[in-house]
Number of protein chains: 4
Amino acid sequence: MEAALELFGSFGYHATSISKIAKKAGISKGLMYNYFESKEDLLHAIVIENIEEHEAWWNDIIKADTSPFEKLKWIIEKAVEMVRKDTHHWQLLTSLAFQPEIMKGLEDVLGQKQVEVMGQLVAIFTELGWEDPMKEAFFYGAFMDGMFLHYLQMIDAYPLDDMKNYLLKRYDL
Amino acid sequence: MEAALELFGSFGYHATSISKIAKKAGISKGLMYNYFESKEDLLHAIVIENIEEHEAWWNDIIKADTSPFEKLKWIIEKAVEMVRKDTHHWQLLTSLAFQPEIMKGLEDVLGQKQVEVMGQLVAIFTELGWEDPMKEAFFYGAFMDGMFLHYLQMIDAYPLDDMKNYLLKRYDL
Amino acid sequence: MEAALELFGSFGYHATSISKIAKKAGISKGLMYNYFESKEDLLHAIVIENIEEHEAWWNDIIKADTSPFEKLKWIIEKAVEMVRKDTHHWQLLTSLAFQPEIMKGLEDVLGQKQVEVMGQLVAIFTELGWEDPMKEAFFYGAFMDGMFLHYLQMIDAYPLDDMKNYLLKRYDL
Amino acid sequence: MEAALELFGSFGYHATSISKIAKKAGISKGLMYNYFESKEDLLHAIVIENIEEHEAWWNDIIKADTSPFEKLKWIIEKAVEMVRKDTHHWQLLTSLAFQPEIMKGLEDVLGQKQVEVMGQLVAIFTELGWEDPMKEAFFYGAFMDGMFLHYLQMIDAYPLDDMKNYLLKRYDL
DNA sequence: GATGAATGAGGATTCATTCAT
DNA sequence: TATGAATGAATCCTCATTCAT
């Protein structure tokens with residue numbers, strides 16, 4: 001899964017062959033099929049694992065007994081930390097964004113997760129006193145993903161911390 | 001090129017075969033090779049054509065004899081109009097963002113263009129009196145691309161005009 | 001189709017690879033897929049072609065304006081002639097007899113054909129005055145197929161004409 | 001062997017994998033190789049076991065101290081009983097009839113057995129006073145195998161007892 | 001005796017590309 | 001300019017078989 005994620009992220013799902021994954025993982029081609037039913041199944045496993053990982057810290061924050069200010073700050077810091085760590089995963093998800101056929105079977109999970117997160121963001125912005133919390137949530141999401149998109153393409157050339165600080169300042173954090 | 005763009009955008013470069021493109025375009029597979037050296041060449045032609053198209057209106061605006069306020073407003077309006085029209089093109093570019101091998105040979109053109117645009121944006125924000133115009137250009141870029149990314153995934157469900165208005169308000173336009 | 005029939009008949013459907021078929025046919029592996037959607041599709045095409053060929057002469061006889069004696073004699077002579085000529089086809093059908101998954105999609109056609117033929121045989125035996133024409137049709141079918149089965153396994157060592165004559169004598173032909 | 005016979009009979013030798021056999025037998029894939037050298041060896045063991053089983057009752061009958069009438073009746077009754085019981089075995093043998101490579105190494109045993117049985121049948125028909133006992137043996141064999149072939153394909157829809165009675169009547173049994 | 005992880009050859013299928021017409 | 005038959009490399013996947021435990 002590690003090898004596959006790296007290759008999927010760097011070259012895309014379709015451009016990565018099972019052969020290359022196996023070689024990188026140091027196993028035989030056939031062995032992959034002892035653990036995953038298909039290439040698609042491997043992809044799904046990777047995506048799900050990562051979703052769960054993110055869900056974990058997200059829920060920790062949401063359920064934490066702190067102010068919405070604290071929560072939002074925490075979320076932003078953590079998200080930036082994560083994108084720095086899970087580079088390949090974000091690249092993979094982005095390049096897959098417009099290929100629903102490949103994600104078939106995950107759409108439901110992903111969609112539901114998205115709705116959930118959005119709701120929790122709206123709740124936070126409501127608590128923070130924003131006039132139109134829904135719109136602010138959309139703004140937050142757009143900026144966050146755009147920032148990540150650019151970071152993933154430029155990496156060290158991107159002023160990620162500056163951008164993060166912009167957000168923190170916006171919310172007086 | 002039209003047929004290819006639509007398919008590349010909807011299903012991705014690798015998942016789209018020359019056969020399907022030819023069928024959609026109503027020509028034979030062989031004929032494509034009279035006009036394009038390869039599948040990759042076709043992709044490059046599509047990308048370049050679109051870049052030039054965008055360069056055209058962008059330059060028109062930049063060179064126009066108006067205030068930076070007017071220019072920025074114009075750029076934002078036009079960009080939003082374009083993403084609405086050229087859906088497939090943006091989808092294609094996004095899904096290709098992390099597949100450098102396919103874009104080999106275009107990287108230079110794209111990179112140079114990006115630098116140019118960035119410089120012109122910085123100039124505008126400087127004229128507008130922003131304290132850190134570079135940072136603002138990055139912010140603008142991140143929000144714009146993030147907004148487009150979400151719009152392309154949700155289309156009608158996305159409050160694109162609200163987001164656009166957010167930007168306009170930010171710059172007092 | 002010719003090459004495939006010969007190999008399918010001699011070695012069985014599963015033991016015959018597309019590679020071997022292509023080599024025998026003197027074409028590339030890929031070309032087969034210009035004409036048939038899959039290996040299974042190729043098999044079906046072969047089976048259907050043969051069914052239609054047999055249906056042709058069978059219907060000619062059934063509709064002919066002759067006595068039931070003449071018809072039955074004709075059928076027996078023709079069937080024996082056919083098994084001698086279409087050796088591989090009969091081998092193929094026999095080896096596939098117990099693998100319904102492979103024949104999926106043909107079962108209906110084959111089943112219906114079988115019912116039809118059976119009905120026409122019963123009609124003939126009725127006209128010939130047999131007490132239990134249904135039972136006689138079953139007898140006829142069993143003997144015919146058993147005879148063919150043995151012929152296909154022993155070929156020249158099998159007294160096919162003797163067996164045919166046995167049948168002709170049974171019906172006073 | 002039991003599990004393998006069932007699967008081989010139902011789906012064919014090639015379409016049945018060692019994995020499926022092991023799962024059905026409730027053992028590991030590896031364990032099979034402690035008892036059989038290969039998949040082919042397993043098949044051979046199954047076929048040989050069954051041949052020996054049939055040889056047993058066949059020899060009992062042949063050596064029995066009764067009239068040829070009694071013997072033939074006994075043989076017919078027993079054979080019909082066997083096909084009803086050993087459905088999978090007959091299906092397997094039939095589907096393998098035209099795949100000599102798989103049966104390599106068994107051809108001799110099977111061929112010899114066939115010659116032996118044929119000789120004993122001829123002896124019986126000679127004793128029964130048939131003019132051409134050889135031809136009658138071929139007739140008997142063809143009808144018997146054809147009848148079984150049809151029975152195995154139609155099972156309950158086939159009038160097996162009627163067909164058996166036909167034979168019994170033919171020999172005044 | 002028993003397991004199942006691991007292998008790798010081989011199979012069906014796809015597809016960019018070529019080329020005779 | 002246009003076709004589409006033909007190719008063959010590459011892809012995903014299966015499976016008999018081995019072997020350390």
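Side-chain atoms are counted along with the backbone in the values below, which use heavy atoms only and exclude waters and symmetry mates. First the proteins, then the strands, lettered A, B, ... as listed; each starts at 1.
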### Query
So which of residues 93-102 of chain A are in contact with DNA chain E, with a heavy-atom cut-off of under 4.0 Å?
none

### Query
Do we get C/Lys39 above C/Tyr13's six-membered ring, with its NZ or CZ under 6.0 Å from the centre and within 45° of the axis?
yes

### Task
Could you work out which one of E/dG4, F/dT7, E/dG1 sits closest to the side chain of C/Ser28?
F/dT7

#### Entry: Interatomic distance, B/Lys23 NZ vs E/dT14 P [rounded to whole Å]
13 Å

### Task
Could you say whether D/Asn34 or B/Asn34 is positioned toward the 5' end of DNA chain F, judged by the nucleotide with the nearest heavy atom to each?
B/Asn34

#### Entry: Matching residue for C/Phe36 among C/Leu43, C/Asp41, C/Ile18 - test: side chain to side chain contact (heavy atoms under 4.5 Å, CB included)
C/Asp41

### Query
Among all residues two or more places apart in sequence or in another chain, which pass the side chain to side chain donor-acceptor pair (under 3.5 Å) test with C/Asp86?
C/His54

### Task
Please say whether more than 12 non-hydrogen atoms of neighbouring residues, nucleotides or ligands are located less than 6.0 Å from CZ in B/Phe11.
no

### Query
Near D/Glu53 CD, under 6.0 Å, is it more than 12 heavy atoms from other residues, nucleotides or ligands?
yes

### Query
Is the CD atom of C/Glu2 crowded by more than 12 outside heavy atoms at less than 6.0 Å?
no

### Message
For A/Gln112, I'd like to know if atom CD has over 12 heavy atoms of other residues, nucleotides or ligands within 6.0 Å.
### Response
no

### Task
Answer yes or no: does a side-chain N or O of A/Tyr35 lie under 4.0 Å from OP1 or OP2 of E/dA6?
yes

Under 3.5 Å, which N/O atoms of the protein pair with N/O atoms of nucleotides 9-13 of chain F?
unit_1: F/dC12; atom_1: OP1; unit_2: A/Lys39; atom_2: NZ; d: 2.7
unit_1: F/dC12; atom_1: OP2; unit_2: A/Ile18; atom_2: N; d: 3.0
unit_1: F/dC13; atom_1: OP2; unit_2: A/Tyr33; atom_2: OH; d: 2.7
unit_1: F/dC13; atom_1: OP2; unit_2: A/Lys39; atom_2: N; d: 2.8
unit_1: F/dC13; atom_1: O5'; unit_2: A/Tyr33; atom_2: OH; d: 3.3

### Message
Once side chain to side chain donor-acceptor pair (under 3.5 Å) is applied, do any residues pair with D/Lys113, and if so which ones, sequence neighbours excluded?
### Response
D/Glu55

## Note on the structure
Across all chains, not counting sequence neighbours, the side chain to side chain donor-acceptor pair (under 3.5 Å) partners of A/His44 are none

### Query
Can you check whether B/Leu106 reaches B/Ile51 side chain to side chain, under 4.5 Å on heavy atoms?
no

### Summary
DNA chain E in dot-bracket form (Watson-Crick or G-U pairs under 3.5 Å, [ ] crossing, | inter-strand) is .||||||||||||||||||||

